[in-house]
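Data first, discussion second: the structure below is written as structure tokens.
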Amino acid sequence: MANVNYMLRGTAACPGCPIPRELNNILEIAGKDTVLVVPASCSTIIMGDDIHGMPSVVPVVHSPFAAPSAIASGIKAAMNQLNKKGNVIVWAGDGSTGDIGFASLSGAAERNEDIIYICYDNEAYMNTGIQRSGLTPRGAWSTTTPEGKREFKKPLPFLMMDHKIPYVATLSIAYPFDYEAKIKKAMTISGFRYLHILSPCPPGWRFDPSLTIEIAKLAVETGIWPLMEYENNKLKLTGPSILLKDKSKRKPIEEYLKLQERFKELSDEEKRLLEEDINAMWLEIERRMS
Amino acid sequence: MNDKNFDFAISIPSKGSGGKTGLWRTKRPVINYDKCTRCRFCIIFCVENTIDEKENHLPEIDYDYCKGCGVCANVCPVNAIEMKDEAEV
Ligand SMILES: Cc1ncc(C[n+]2csc(CCOP(=O)(O)OP(=O)(O)O)c2C)c(N)n1
Ligand code: SF4
Ligand code: SF4
Ligand code: SF4
Ligand SMILES: [Mg+2]
């Protein structure tokens, strides 16, 4: 009995790439009446073409780097005009989301467009060869930060909460129940919904492809990637992250860093600064929860 | 696709958009069914969706497309999946 797949197997994604699984679990919930909007990224390649085939069971609109939110807004408006029901979902990388497409994202969020925006965050411009993005974490090697990135990771989930949109959530594919609950929740809400997935990338983060899920899990367990949900102006932690508000319950950050060669050259000072970033993020979470 | 004028984006879904990705494999995951507890972890976490659940709930790997990444072996709680050298199997 073959499983029903919503991203059909045999994609061009690297071995160990979590993107096909992440998309499958979204499309399984979103259903057939869905349009995906995908800006230039690894996912553009993964979505295939009319010669080699296409893995997605729903239509995919390929978009320029800066424009997915504007295009998705337009598709939704056209669907409304035609009285067609369905989900319009942007599926975009961190480079498009946090840097190049941020203006159109911010605009669509401020207009509270009735779309779902999902950022899969592999923390660099992977498709063009691992260049740093605004969402690359401090200290991480990339081809444009050969000595480690000097700046902090742009806090996109908080920035989107500040747009006062109806729903913001962070997700990890290592926690499929939390992941699916958030997708389901997003489907029941109208207006602009922003979901942000930390998406480990074996060649870009320099780890063995067998470790994808383990690393995604460690990101949550060490507290560098808190699972949370913002709704009706209220922020709460979800799943395993609820207990991690207590710092002593978090695993040491080394357990996450040591599996990835992108952090191999991390100096003690950089590690201290990275830990400060993480502490500041948790303080910000507490502030927003109270 | 060129013989029609579509008003709107469509998808013509098919397996193997990246080719027969099973040919990429250097290591082959092999399930030891004596050890398997049918927990479904490998099925849920296989990043390429290449593990099916059989009628008896046992997992079955689709070697045509499995890329040999080893995620399934890594997540299996009872070490029922061994990554064997493709050259030796
Ligand atoms: C305006 C523009 N600038 C640059 C590019 C080249 N480009 C294509 S994909 C890509 C990287 C995308 O990074 P990200 O959004 O993080 O997605 P990822 O590849 O990491 O999945 C770049 C720079 C482009 N297509 N358009
Ligand atoms: S480079 Fe990274 S994100 Fe891109 S397909 Fe490969 S594993 Fe996936
Ligand atoms: S080796 Fe990778 S692609 Fe193959 S079945 Fe295991 S998890 Fe899936
Ligand atoms: S993860 Fe291991 S025990 Fe669980 S179903 Fe797969 S092979 Fe069997
Ligand atoms: Mg990226």
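Naming convention: chains lettered A, B, ... in sequence-line order (proteins, then strands); numbering from 1 in each chain. As a basis for the values below, the full set of heavy atoms in this structure was taken, side chains included, without hydrogen atoms, waters or symmetry mates.
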Next on the checklist: I'd like to verify something: which residue of A:Gly48, A:Pro18, A:Ser56 has the highest number of heavy-atom pairs under 4.5 Å with chain B?
Outcome noted: A:Ser56
Item to check | B:Arg28 and B:Asp85 ion-paired at < 4.0 Å | outcome: no
Next on the checklist: We want to know whether A:Thr238 and A:Lys182 form a side-chain donor-acceptor pair, criterion being a heavy-atom distance below 3.5 angstrom.
Outcome noted: yes
Next on the checklist: Given heavy-atom pairs under 4.5 angstrom as the criterion, report whether the side chain, backbone, both or neither of A:Ile46 touches chain B.
Outcome noted: backbone
Checklist entry - What residue in B:Cys66, B:Cys46, B:Ala73 has the most heavy-atom pairs under 4.5 Å with chain A? => result B:Cys46
Item to check | Residue part contacting chain A, namely of B:Ile43, when any heavy atom lies under 4.5 Å | outcome: both
Next on the checklist: Is A:Ile19 close to chain B through its backbone or its side chain, or both, or neither, when contacts mean heavy atoms under 4.5 Å?
Outcome noted: neither
Next on the checklist: Distance alone, cut at 3.5 Å: any donor-acceptor contact between the side chains of B:Glu48 and B:Thr21?
Outcome noted: no
Item to check | Aromatic ring pairing A:Phe263/A:Tyr256, orientation class (parallel under 30°, perpendicular over 60°, tilted between) | outcome: tilted
Item to check | The single option from A:Tyr179, A:Tyr120, A:Tyr117, A:Trp225 passing ring pair (Phe, Tyr, Trp, His ring centres under 6.0 Å) against A:His196 | outcome: A:Trp225
